[in-house]
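Remarks on the structure that follows.
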Amino acid sequence: MAMRARIETRAAVRCAWVALFASCGDEQAAEPHAPSFPTLHEVTASAGIDFAHERGATPTRFLVEAMGGGVTVLDFDGDGRQDLYFVDSGDVPFGPGAKRAPANKLYRNLGGLRFEDVTARAGVAGRGYMMGAIAADYDNDGDQDLFITGVGLNLLYRNRGDGTFEDATARAGLADDQWCTGATFLDADRDGDLDLFVLRYVAWDFASERPQTQSGVPVYPAPDVFEPIANRYWRNRGDGTFEDASQAAGVAELLGKGLGVLASDLDDDGDVDLYCANDTERNFVLENLGDGRFRDVGVVSGAAYGAEGRAESGMGVDGGDLDADGLTDIVVANFQREPNAVYRSEGRLRFTEVSAASGTAEAAMQSLGFGVRLADFDCDGELDLAVANGHIQERIAELEPGVGWAQAPQLFRGLGGARFELVSDLQPEDFRRPRVARGLACADLDDDGDLELVLGVLAGPAVVFENRGGQARNWIGVRCVGTRGDATALGAKVLLEAGGRTRVGEVRSGGSYLSQSDLRVHFGLGDLERVERVIVRWPDGRTDEARDVRVRSYLTFVEGSGLAR
């Protein structure tokens, strides 16, 4: 009954949206007066971004060649502007004898959607065959550090605070000889120090692969060929080092093929839980028991499997409140012929799979999703959905006519009530151009109040899309500065009361696919001109608040001091 009631609300939701501008009884006549959805225009070259990913393709077609391409948003120099870090992979075979060293790139935001390459000066080009990256203040010194995952490696760059980084991997004790993919910083045990959760994909080495064909066409192997391996939880000792606490945390026995991870307070009990999107294995919902230990409740939660009760091919993951009930709903990007799964939270770590009712399922069947992000691109108060698409098999068109290796990204307008409509056709040609996209991140790169979109592309140039038109509506952004732990305040929850509704956002590390977005919490407000109250609930449970705050501005909350003036 509850499911049917939600489906039947679709027309009511659409009608209410149109009624802001005209009578609900004449929806067709009202459409020309409804605001158009913003357009996303490629500005990569004019922004000064010239990064191009290398995958080291070989005739053998090693699986690693098809999987890289993360992108990370961070403010490494503390100037308030959002910088960009793109992760490279390099040659295969990789290692000391590789012909080409990988070349991650860090771009400093100069303002006005202009960037400069500061990789050499910062010392963050990386090493090895790398996958993705995240950023946070792991050593509580006030600036953002970088953690990079890869095949047979982890890499930690400590921010010195002067625009340069040092390789602190060995000192921190974070070495790993397995294939590491998505990752997130979080304070799992609430001791004020950021711990680290790292997904690992499959048990893999060069000797484990042989050339494969399908109907005579060379192909990359399916993940079923390989055994799943356990993820790792690294506990922060508070002295710049970490210990492997996977066994004690209860995650060492969980075998998945992890790619995307979401760190969020899914049950609203004050600590950070984890959702792990696994490739061809059931997804994990890891309930935080409050002391750095987790238990997997995925099967009983309803968010471990797809609508047909089988494991899907989870790639990227994101979370947000899609139905204005204060709870975090989950979206997972999946393989071709699988929906982009939408799990609606019912509270207490219980979810209902509503992909078909959400309006995203059918549109995703002919595409293969990787990066995924819930964000309010048109600032109307409802979360929209962006998905980065691209196939694994570069010769897929020979096996399945009409399906391409390069695929266009998809953009869905949020209608409220966990409902979406596809609006990709409203976008300019440069957005609809097919690419082999992997990572995806969102950030207000020009600080005008709406969110830009950034794609990491496999074996191709990265792409930056400028949002034009989103700032026409009102908005507000919240930057949280921690003082009792990490400066990035990961795990802080922001509640915004306006227009008789409470909106909720979180400060999160990681997410999407091998990527991380703007750590500032962004809210679209539509035509609302007044925000009654903003409350920040810090990771230790204490709160700061401000009343009657102005719209169309970024607010900075300092832990223990409230709104900075």
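It should be emphasised that the depicted structure is a prediction, and the values quoted were computed from it without experimental measurement.
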Audit row: L84, V454, side-chain contact (heavy atoms from CB on, under 4.5 Å) steps and yes/no: CA-CA 9 Å; L84 294 174; V454 185; 4.2 Å; yes
Criterion ring-ring contact (aromatic ring centres under 6.0 Å, His included) on F185 and W234, from CA distance to verdict: CA-CA 10 Å; F185 282 110; W234 300 91; over 10 Å; no
E116/Y107 under side-chain contact (heavy atoms from CB on, under 4.5 Å): CA gap, chis, key distance, verdict: CA-CA 5 Å; E116 65 172 337; Y107 293 89; over 6 Å; no
Pair N467-D448, side-chain contact (heavy atoms from CB on, under 4.5 Å): steps then yes or no: CA-CA 10 Å; N467 186 330; D448 67 349; over 6 Å; no
Evaluation steps, side-chain hydrogen bond (donor to acceptor under 3.5 Å, both in side chains), between D195 and Y233: CA-CA 8 Å; D195 311 303; Y233 168 68; 3.3 Å; yes
ring-ring contact (aromatic ring centres under 6.0 Å, His included) between H391 and F335, intermediate numbers included: CA-CA 8 Å; H391 212 280; F335 206 80; 5.7 Å; yes
Verdict with supporting geometry, E400 and Q393, side-chain hydrogen bond (donor to acceptor under 3.5 Å, both in side chains): CA-CA 11 Å; E400 298 185 45; Q393 308 295 348; over 6 Å; no
V423/D384 under side-chain contact (heavy atoms from CB on, under 4.5 Å): CA gap, chis, key distance, verdict: CA-CA 10 Å; V423 292; D384 310 306; over 6 Å; no
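Here the CD-CD1 distance, from Q178 to I229, works out to 4.5 Å after rounding to the nearest 0.5 Å. Between atom CG of residue L262 and atom OG of residue S509 there is a gap of 10.5 Å, rounded to the nearest 0.5 Å. Taking CG of D141 as the start and CZ of R160 as the end, the distance is 12.0 Å to the nearest 0.5 Å. Expressed to the nearest 0.5 Å, how far SG of C180 lies from CG of L514 amounts to 11.5 Å. Within the model, atoms CG of N231 and NZ of K257 stand 13.0 Å from one another, a figure rounded to the nearest 0.5 Å. Between T164 atom OG1 and R158 atom CZ the span is 9.5 Å, to the nearest 0.5 Å.
For residues 360-376, every residue pair satisfying the salt bridge (Lys or Arg N to Asp or Glu O under 4.0 Å) rule, not counting sequence neighbours, is listed here: D318-R373. Judged as a salt bridge (Lys or Arg N to Asp or Glu O under 4.0 Å), the pairs with a partner in residues 432-446 (not counting sequence neighbours) are, in order, E42-R433, E42-R435. Residue pairs that meet the salt bridge (Lys or Arg N to Asp or Glu O under 4.0 Å) test with at least one member in residues 48-67, sequence neighbours left out, are D50-K105, R55-E394, R61-E394. Screening residues 454-472 for salt bridge (Lys or Arg N to Asp or Glu O under 4.0 Å) gives E466-R468 as the qualifying pairs, with residues at least two apart or on separate chains.
Taking the side chain as every heavy atom from C-beta outward, E452 and D450 approach each other to under 4.5 Å. Between F412 and V331 there is no side-chain heavy-atom pair separated by less than 4.5 Å. With contacts defined as side-chain heavy-atom distances shorter than 4.5 Å, the pair D321/D329 qualifies. Residues L322 and V342 are in side-chain contact: their nearest non-hydrogen atoms beyond the backbone lie under 4.5 Å apart. In this structure, E166 and R171 have side chains that are not in contact, with every pair of non-hydrogen atoms separated by 4.5 Å or more. Using a 4.5 Å cut-off on side-chain heavy atoms (C-beta onward), F226 and Y201 make no contact. When side chains are defined from C-beta on, F377 does not count as touching R413, because their heavy atoms never get closer than 4.5 Å. For the pair L196/N154, no side-chain contact is recorded, criterion being any heavy-atom separation below 4.5 Å from C-beta on.
Of all non-hydrogen atoms in G78 and D75, the two that sit nearest each other are N-OD1, 3.1 Å. For the residue pair A263 and T184, the shortest heavy atom distance occurs at CB-OG1, 3.5 Å. Residues A136 and L490 come closest through the heavy atom pair CB-CD1, 3.7 Å. Looking at every heavy atom in both residues, S264 comes nearest to T328 through OG-OG1, 3.5 Å. What you find for Q82 and R520 is that their closest heavy atoms are CG-NH2, 3.3 Å. A pairwise comparison of heavy atoms in S313 and D279 identifies CB-OD1, 3.2 Å as the closest pair.
Counting heavy atoms of neighbouring residues, nucleotides and ligands inside a 6.0 Å radius, atom CG of D162 exceeds 12 of them.
When atom types are taken as modelled, the side chain of N334 and the backbone of N340 share no donor-acceptor pair closer than 3.5 angstrom. Using a distance-only test at 3.5 Å, with no hydrogens or angles considered, no donor-acceptor pair links the side chain of S424 to the main chain of Q410. For the pair S515 (side chain) and G439 (backbone), a donor-acceptor distance under 3.5 Å is absent. A donor-acceptor pair is defined here as one N or O able to donate and one able to accept, closer than 3.5 Å; such a pair exists between the side chain of N236 and the backbone of L194. Of the possible donor and acceptor atoms, one in the side chain of S512 sits under 3.5 Å from a partner among the backbone N and O of V372. In this structure a side-chain-to-backbone donor-acceptor pair under 3.5 Å is present from D88 to A103. N109 places no side-chain N or O within 3.5 Å of a backbone atom of F115 that could act as its donor or acceptor partner. Checking side-chain atoms of R508 against main-chain N and O of G319 turns up a donor-acceptor pair under 3.5 Å. Using modelled atom types, no side-chain atom of H53 and backbone atom of G460 make a donor-acceptor pair closer than 3.5 Å. Formation of a donor-acceptor pair under 3.5 Å by the Q144 side chain with backbone atoms of T488 is not found in this model.
Under the ring pair (Phe, Tyr, Trp, His ring centres under 6.0 Å) criterion, F165 pairs with no residue, sequence neighbours left out. Residues passing the side chain to side chain donor-acceptor pair (under 3.5 Å) test with Y129: none are found, sequence neighbours excluded.
Between F86 and F51, the ring centre distance stays below 6.0 Å.
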